[in-house]
Amino acid sequence: MSVEVNTEKPIVITQTINLPKRSKFKDFLSILMVNKAAMVGAMIILFYIFIGLFAPLLAPYNPYEIILEDKLLPPSIDHWMGTDDKGRDILSRILYGSRLSMGVGFAAVAFGSFFGIIFGLVAGYYGKWVDSLIMRMMDVMLAFPGILLALAIISALGPGLMNVTIAVGAFSVPLFARIVRGSTLEVKRLEYIDAIRSLGANDLTIIFKHILPNILSPIIVQGTLRLATAILSAAGLSFLGLGAQPPSPEWGTMLSNGRDFLFSAPYIAIFPGLAISILVLGFNIFGDGLRDAFDPRMKK
């Protein structure tokens, strides 16, 4: 009696199922949109950007036109936020002032982040004496309070909106440099950086093509939070008479003008103060939301 054994291999049918890939950007947006506070902050920022861009269309009056017959008018249907001591419409000046305040904030952060990123990348990548030299310079800048350093710079350069932008941006440089340096030290130890270097890539390619794109998250978060500080600092310097000069409708200048009428016409100072406070709050809570969205632990 013989038994036949089937030695043929069983046929296995495999089917590849292509699942839709979820992009990192969509994951980031989904986490960010869950944070209601961040969405409120984003709406506030977008609202201010909108009124700044379309101020000529939204403003009911010329913000520079002086009408002494209408001076110190309280809020009414004709002038929703009243008029100042020269008869200028406060609402129109606030709408136009959003351009100046946000423009100074964005320009100052761009200035500070540019030099801070360069210093941080060079210090973190090369290390040794280069790192020590750059970071000791940053420590010297951090030894001075930010507003005091800005005052020293403006004293040397003179008052003006451009000089305020440089001064506010200058004390943002060491903050960006420290964050970028720490992130660079972490990324440059990874194996893929050694592999890229072994393939013959030069330092500039490694730094700007392979390290910088991987450390953008903390830079974006810090930049958003610094925008609030920059706008507040610029308004404070203008309040002291070192920033935008009259008749510019900058919010800090409007606050400085309104302090002389706190008892007779408090609305001259209240409305610009509210505009600054709400915008700074929007950037702060939106920056906190970005920090949560970029945190890998929040994605689990």
Side-chain angles (χ1 to χ4, degrees), residues 18-32 45 103-142 146 149 162 165-227 229-230 283 286-300:
N18 295 322
L19 296 176
K21 293 183 179 180
R22 189 174 178 86
S23 66
K24 294 182 179 180
F25 181 70
K26 290 182 178 180
D27 290 337
F28 167 78
L29 284 181
S30 62
I31 296 172
L32 184 62
I45 295 170
V104 170
F106 279 106
V109 171
F111 177 87
S113 62
F114 176 80
F115 288 100
I117 290 171
I118 297 299
F119 288 141
L121 285 171
V122 172
Y125 183 79
Y126 290 103
K128 298 180 180 179
W129 67 269
V130 177
D131 183 17
S132 299
L133 177 62
I134 293 177
M135 296 316 296
R136 295 301 75 78
M137 292 171 55
M138 299 298 106
D139 290 341
V140 170
M141 296 180 68
L142 285 173
L149 180 62
M162 182 61 68
T165 302
I166 296 173
V168 174
F171 69 79
S172 298
V173 171
L175 299 175
F176 281 100
R178 290 169 68 93
I179 291 174
V180 173
R181 173 187 176 271
S183 301
T184 303
L185 288 173
E186 182 179 356
V187 172
K188 80 170 187 177
R189 297 191 184 100
L190 300 179
E191 295 180 354
Y192 84 94
I193 297 296
D194 295 331
I196 294 169
R197 187 181 293 110
S198 65
L199 293 175
N202 57 37
D203 291 343
L204 290 178
T205 301
I206 295 174
I207 291 173
F208 292 103
K209 188 175 180 180
H210 300 285
I211 292 181
L212 181 58
N214 289 291
I215 62 173
L216 287 178
S217 299
I219 296 174
I220 294 174
V221 173
Q222 180 64 25
T224 305
L225 295 174
R226 288 302 299 174
L227 276 168
T229 305
F283 275 114
F286 182 66
D288 290 338
L290 282 179
R291 182 163 47 196
D292 294 340
F294 280 123
D295 189 350
R297 290 172 296 182
M298 299 297 295
K299 300 178 184 178
K300 296 181 181 179

Value rounded to 0.5 Å, distance of CD1 in I118 from CZ in F208: 4.0 Å
R291 and L225, any side-chain heavy atoms less than 4.5 Å apart: yes
Interatomic distance, I219 atom CD1 to I117 atom CD1 [nearest 0.5 angstrom]: 4.0 Å
Nearest-0.5 Å distance that lies between atom CG in D131 and atom CZ in R181: 4.0 Å
R178 side chain reached by L142 side chain, heavy atoms, under 4.5 Å: yes
Those residues that, when tested against L190, pass side chain to side chain contact (heavy atoms under 4.5 Å, CB included) (two or more places apart): V187, Y192
Gap separating the CD1 atom of I179 from the CD1 atom of I215, nearest 0.5 angstrom: 10.5 Å
Heavy-atom side-chain proximity of I196 to T205 below 4.5 angstrom: no
A170 versus M141, closest heavy-atom pair with distance: O-CE, 3.2 Å
From L227 atom CG to F283 atom CZ, the distance as rounded to the nearest 0.5 Å: 4.5 Å
Nearest-0.5 Å distance that lies between atom CZ in R136 and atom CG in L133: 9.5 Å
Nearest heavy atoms of V168 and A108, plus distance in Å: CG1-CB, 3.8 Å
Heavy-atom closest pair, residues V180 and G120: CG1-C, 3.7 Å
pair T224-V109: side-chain heavy atoms closer than 4.5 Å: no
Side chain to side chain donor-acceptor pair (under 3.5 Å) partners for S113, two or more places apart: none
Whether R189 side chain and L185 backbone form a donor-acceptor pair below 3.5 Å: yes
Where M138 and P174 come nearest, the two heavy atoms and their spacing: SD-CA, 3.5 Å
Pairs flagged by ring-ring contact (aromatic ring centres under 6.0 Å, His included) wherever residues 115-138 is involved - sequence neighbours left out: F111-F115
Donor-acceptor contact below 3.5 Å, side chain K188 vs main chain G124: yes
